[in-house]
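Below is one structure; the comments refer to it alone.
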Amino acid sequence: MLYKRLVSFGAAVLFTALITATSAAIAQDGQQSTSGKVQVTANVPKFIVLHYYSSLTLNFEQPTSAALDQGDNTMSVSWTGTTSGGGELSEANLMTAKTGLETGVITVTIPKIWAVRGFSDSGNAEVSVSISDGGDKLTRKNNTVESVIEMSNVVVSDGVTTGSTIKTNLGGISKSSTTPGGVQLDLDFRQTKLSGSHSGGGYTITASTI
C-alpha cells in the first residue's frame, strides 16, 4: 500500500507541474521580442580582370605627295654629254624637318585599348607590356622584295604614369570602376619598301594584383 501511494503521489505531482507550466504559458499576454547583434566578416579574394584587344590594325592616312625644291644646281656639260660639278642630293643637303615621314620613325600613341578592374591587398595593379617573341617586325613580301616595319619601345600608360611596367589603380569589380589605359610604340619605316598590309608584329600585356 505504501508503494502504491508513492507512485500515485509522484504522478499527481508531475501532472500538477505540467498543468501549472501550461497554464503559465497561456496566461501571458502581449507581444514579446528579443534581439542579438551579429558581426559579419567577408573575406574577399584577390581578383583581376584585364580587358584588351587581341588584334590591332593601324591604318595610316595617306600622306600628301610633294616635290621639294632643293635650290640651284649648276654643273658643266661637255660636248660628249658628260656633266661634272654641281651639287648632289645627299643627307647633308636634304631638307630634314623632324617629322616621322622624313626621319622614317614614328611614335604611335593608342589611347584606351586596355583596362583593369578587381581586388588586391593594396587596391592597385601592376600592368606591364613587352614585345612578343618574334613580334618586333611587321613584314610584307612581293616576289623578291621584302618590306619590313620594325616595332620597338612599347610602353603602357594610364594617363598618369608611362613605362614598360606601371602601377595603376584597381578600382573594384564593377565595370564602371575600371581603370583604362593606352599603349605607345615606335614604328621604324626605314626598311619599308612596299605599300599594303605588313603583319607579324605583336606585344603581350600583363596585369597582376599587388
Side-chain angles (χ1 to χ4, degrees), residues 46-68 70 89-118 120 122-171 175 177-210:
K46 295 178 182 178
F47 179 76
I48 191 166
V49 177
L50 170 65
H51 301 265
Y52 71 102
Y53 295 101
S54 60
S55 180
L56 189 63
T57 300
L58 304 176
N59 292 317
F60 282 88
E61 64 181 5
Q62 183 173 352
T64 302
S65 299
L68 301 178
Q70 301 296 143
L89 292 175
S90 65
E91 187 176 352
N93 60 20
L94 287 175
M95 299 172 65
T96 54
K98 297 298 181 181
T99 66
L101 187 62
E102 292 174 336
T103 63
V105 180
I106 295 176
T107 299
V108 180
T109 301
I110 314 165
K112 294 185 179 181
I113 59 168
W114 59 264
V116 290
R117 57 189 172 100
S120 70
S122 65
N124 295 315
E126 183 178 86
V127 181
S128 62
V129 66
S130 61
I131 295 177
S132 304
D133 291 342
D136 60 337
K137 290 181 173 62
L138 293 76
T139 60
R140 182 168 191 259
K141 291 184 179 180
N142 184 2
N143 297 325
T144 59
V145 179
E146 182 178 34
S147 183
V148 178
I149 304 171
E150 291 192 357
M151 187 172 72
S152 61
N153 299 326
V154 181
V155 296
V156 287
S157 175
D158 61 359
V160 178
T161 307
T162 300
S164 58
T165 300
I166 64 171
K167 182 174 76 172
T168 191
N169 180 55
L170 194 59
K175 289 183 178 180
S177 63
T178 56
T179 299
V183 169
Q184 179 178 296
L185 51 87
D186 288 348
L187 294 178
D188 188 337
F189 290 87
R190 288 177 291 186
Q191 298 180 59
T192 309
K193 304 175 182 67
L194 301 173
S195 61
S197 178
H198 291 64
S199 60
Y203 62 82
T204 301
I205 185 167
T206 304
S208 308
T209 59
I210 56 175

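Source: prediction; values computed, not measured. Counting from 1, the numbers follow the sequence of the chain as shown.
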- Going from CG on Leu170 to NZ on Lys46, what distance comes out if it is rounded to the nearest 0.5 angstrom? 11.5 Å
- Task: List the atom of Ser177, the atom of Gly171, and the distance in Å for their closest heavy-atom pair.
- Result: OG-O, 3.5 Å
- Task: Considering non-hydrogen atoms only, spot the tightest contact between Val155 and Ser164 and give its length.
- Result: CG1-N, 3.9 Å
- Please check if the side chain of Ser120 supplies one atom and the backbone of Ile210 the other of a donor-acceptor pair under 3.5 Å. yes
- Item | Heavy-atom closest contact (Gly163 atom, Ile166 atom, distance) | N-CG2, 3.5 Å
- Message: Would you say Ser128 and Thr165 are linked by a side-chain donor-acceptor pair, where the criterion is simply a distance under 3.5 Å?
- Response: no
- Task: Report yes or no: does Arg190 contribute a side-chain atom to a donor-acceptor pair with the main-chain N or O of Val105 at less than 3.5 Å?
- Result: no
- Note on the structure: One should read off an interatomic distance between Thr206 OG1 and Leu50 CG, to the nearest 0.5 angstrom, of 8.0 Å
- Message: Any heavy-atom pair between the side chains of Ile205 and Val127 that's under 4.5 Å?
- Response: yes
- pair His198-Thr139: side-chain heavy atoms closer than 4.5 Å: no
- Task: To the nearest 0.5 angstrom, please state how far the CG atom of Asp158 sits from the OG1 atom of Thr168.
- Result: 3.5 Å
- Query: Do Val129 and Trp114 come within less than 4.5 Å of each other through their side chains, counting heavy atoms only?
  - Reply: no
- Roughly how far apart are His51 NE2 and Arg117 CZ, rounded to 0.5 Å? 4.0 Å
- Message: To check you understand the geometry: which heavy-atom pair defines the closest contact between Ser147 and Lys193, and what is its length?
- Response: OG-N, 2.8 Å
- Message: Does any part of the side chain of Lys167, heavy atoms only, come nearer than 4.5 Å to the side chain of Glu126, both counted from C-beta?
- Response: no
- Close side-chain approach of Val160 to Asn169, heavy-atom, < 4.5 Å: no
- Query: What distance separates Ser208 OG from Asn124 CG, expressed to the nearest 0.5 Å?
  - Reply: 12.5 Å
- Does the pair Thr192 and Leu187 meet the rule for a side chain to side chain contact (heavy atoms under 4.5 Å, CB included), with working shown? CA-CA 10 Å; Thr192 309; Leu187 294 178; over 6 Å; no
- Any chance you could lay out the side chain to side chain contact (heavy atoms under 4.5 Å, CB included) test for Ile110 and Tyr53, step after step, and finish with the verdict? CA-CA 12 Å; Ile110 314 165; Tyr53 295 101; over 6 Å; no
- Item | Steps toward side chain to side chain contact (heavy atoms under 4.5 Å, CB included) verdict (Val156, Tyr203) | CA-CA 11 Å; Val156 287; Tyr203 62 82; over 6 Å; no
- Considering the options Asp188, Val148, Ile131, Ile149, which one meets the side chain to side chain contact (heavy atoms under 4.5 Å, CB included) requirement together with Lys137? Val148
- Query: What is the distance from atom CD of Glu146 to atom CG of Leu194, rounded to the nearest 0.5 Å?
  - Reply: 9.5 Å
